[in-house]
Amino acid sequence: MTVVTRFAPSPTGMLHVGGVRTALYSWLYARRMGGRFILRIEDTDRERSTQEAVRVILDGMRWLGLDHDEGPYYQSERFGRYREVLERMLAEGTAYRCYCTKEELEAMRAQQLARKEKPRYSGACRDRTEPRPGVEPVIRFRNPQEGTVVVDDLVHGQVVFQNAELDDLIIARSDGTPTYNFCVVVDDMDMGVTHVIRGDDHLNNTPRQMNMLRALGATPPAYAHVPMILGPDGTKLSKRHGAVSVLQYQEEGFLPDALLNYLVRLGWSHGDQELFTREEMIAAFDIRDVNKAASTFNPEKLLWLNQQHMMRMEPARIVPHLRYQLERLGIDTDDTELLQGVIVAQRERTRTLKEMAEKSRYFFVDEIDLDPKAAAKHLTRETAPVLEQVQARLERLAQWTASAIHDELSALAEQLGVGLGKVAQPLRVAVSGGTVSPPIDQTVALLGRDRTLARLERALQTARSNGAS
Ligand code: GLU
């Protein structure tokens, strides 16, 4: 049997990490089993669905590299099909028209509450054959009244529901539009979904959906309800905890692989392995190993993982992500060699690509700004002679490599009888504008001869005219 999974978000809010983890588990399971992964946009709620939320889903999935084999399907384009299935169920008697008015339903509810019963539809129209003039009916599913529905959940184990507890669900409103639970059933059936992997807030819908599938002659798929992600304060992860649009993680400078690695481990483990490449995740993942208990979102750990991925990934694969961040700073560069060099030089000292870009501007711009405090301290009349000697030595340098630069600077420090820092720090301010950069030899090597010498010349002018000390 070919495994078919789907990710079926409702575009009513922005796709955030909770939804992404569900998508990831569905995608991983399909990839692991050599199956198919479907993307389906559940946009039947026309009032609450937005184009922007759809865009975030599509762009987010693309950025994450969670590629689908089918879709995206849009439920809003399938109303004809839902209508057809409704007609079939009415004809077969597995659904019926209900003419109860709002007032009658409210009275029913009040009586049940007065009797201390759980409010539910009484089934008043189950056997009704005649229409009721002046009332547009809804359509209800004829749920079995006896017996149980057993969900063999791949995460939670066996969960048993009593049919007597499930009332006859409305599957089409009086204006004819199908309801959410019904559309899911028709889609999962039509699309041949074999494994439904979704949040465990849907577990209570599952017995109803299984009953409807059986009424349609279909075999229910396997279900896996994954537990929620909680915020650090133990409540369901929400906007308050920064559960923002997935695309914000791109803006904040996370690698998609790092975010996926972080999310896969929230609720799933493989021995004590923390770091997974995409391929390793696919090879090791099994939906049956997902924990029942909710897990807590930890932004610090995500940052740690992001840096770990930056350190391990081929620099060439990081280049597009750094370019994206630089573009956001108004820097457009296609100097791949420089980009790769900066990645290697900076990845030990930055945790996100946004931070890396911000700390690396001086590698990519023609004119740098000197930090006034750093210049006042390190570009002075006292350091001017040191910088002149640096300039003279670098001008003569035959090979512009980090090791040749290192040798020159060390030789100069020795000649002057000072520590390397006394030479390196003024030079660092001269070429980067500030006091923090990767090792000076690496920084200067990456900047190249022309930029370095031009900046040294400018810094010397500043130093000579700097009255301090
Ligand atoms: N559309 C539902 C949601 O976004 C998911 C339904 C399902 O996976 O069955 O919560």
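For ligands, and for the atoms within them, numbers begin at 1 and follow the listed sequence.
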**Item:** Contacts of type side chain to side chain contact (heavy atoms under 4.5 Å, CB included), residue Gln307, not counting sequence neighbours
**Value:**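 For Gln307 the side chain to side chain contact (heavy atoms under 4.5 Å, CB included) partners, ignoring immediate neighbours, are Met311, Arg351.
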**Message:** List the residues meeting side chain to side chain contact (heavy atoms under 4.5 Å, CB included) with Asp366, not counting sequence neighbours, and say none if there are none.
**Reply:**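 Here the qualifying residues are Arg451.
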**Item:** Polar side chain donor-acceptor pair, Thr333 to Asp335, under 3.5 angstrom
**Value:**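 Asp335 and Thr333 do not have a side-chain donor-acceptor pair below 3.5 Å.
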**Request:** May I ask you to list the atoms of ligand 1 that are less than 4.0 angstrom from any heavy atom of Tyr180?
**Result:**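 Answer for ligand 1: 1 (N), 2 (C), 5 (C), 6 (C), 7 (C), 9 (O).
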**Asked** Rounded to the nearest 0.5 Å, how far apart are OH of Tyr223 and NE2 of His156?
**Response**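 Taking OH in Tyr223 and NE2 in His156, the distance rounds to 14.5 Å.
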**Message:** Do the side chains of Glu104 and Arg132 get close enough for a salt bridge, i.e. N-O under 4.0 angstrom?
**Reply:**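 Salt bridge present between Glu104 and Arg132.
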**Prompt:** Any nitrogen or oxygen of Ala8, main chain or side chain, under 3.5 Å from a nitrogen or oxygen of ligand 1?
**Reply:**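 Yes: some nitrogen or oxygen of Ala8 is under 3.5 Å from one in ligand 1.
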**Asked** Of the backbone atoms (N, CA, C, O) and the side-chain heavy atoms from C-beta on, which set of Ser10 has a member under 4.0 Å from an atom of ligand 1: side chain, backbone, both, or neither?
**Response**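 It is both backbone and side chain that touch ligand 1.
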**Request:** Please work out which of Glu42, Gln75, Arg198, Arg40 has its closest non-hydrogen atom nearest to atom 1 (N) of ligand 1.
**Result:**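 Of the listed residues, Glu42 has the closest heavy atom.
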**Request:** List the closest protein heavy-atom neighbour of atom 10 (O) of ligand 1: residue, atom name, distance to the nearest 0.1 Å.
**Result:**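 Heavy-atom neighbour on the protein nearest atom 10 (O) of ligand 1: His202 NE2, 2.9 Å.
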**Message:** I need the nearest protein heavy-atom contact for atom 8 (O) of ligand 1: residue, atom name and distance, please.
**Reply:**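 Scanning the protein heavy atoms, the shortest distance from atom 8 (O) of ligand 1 goes to Arg6 NH1, 2.7 Å.
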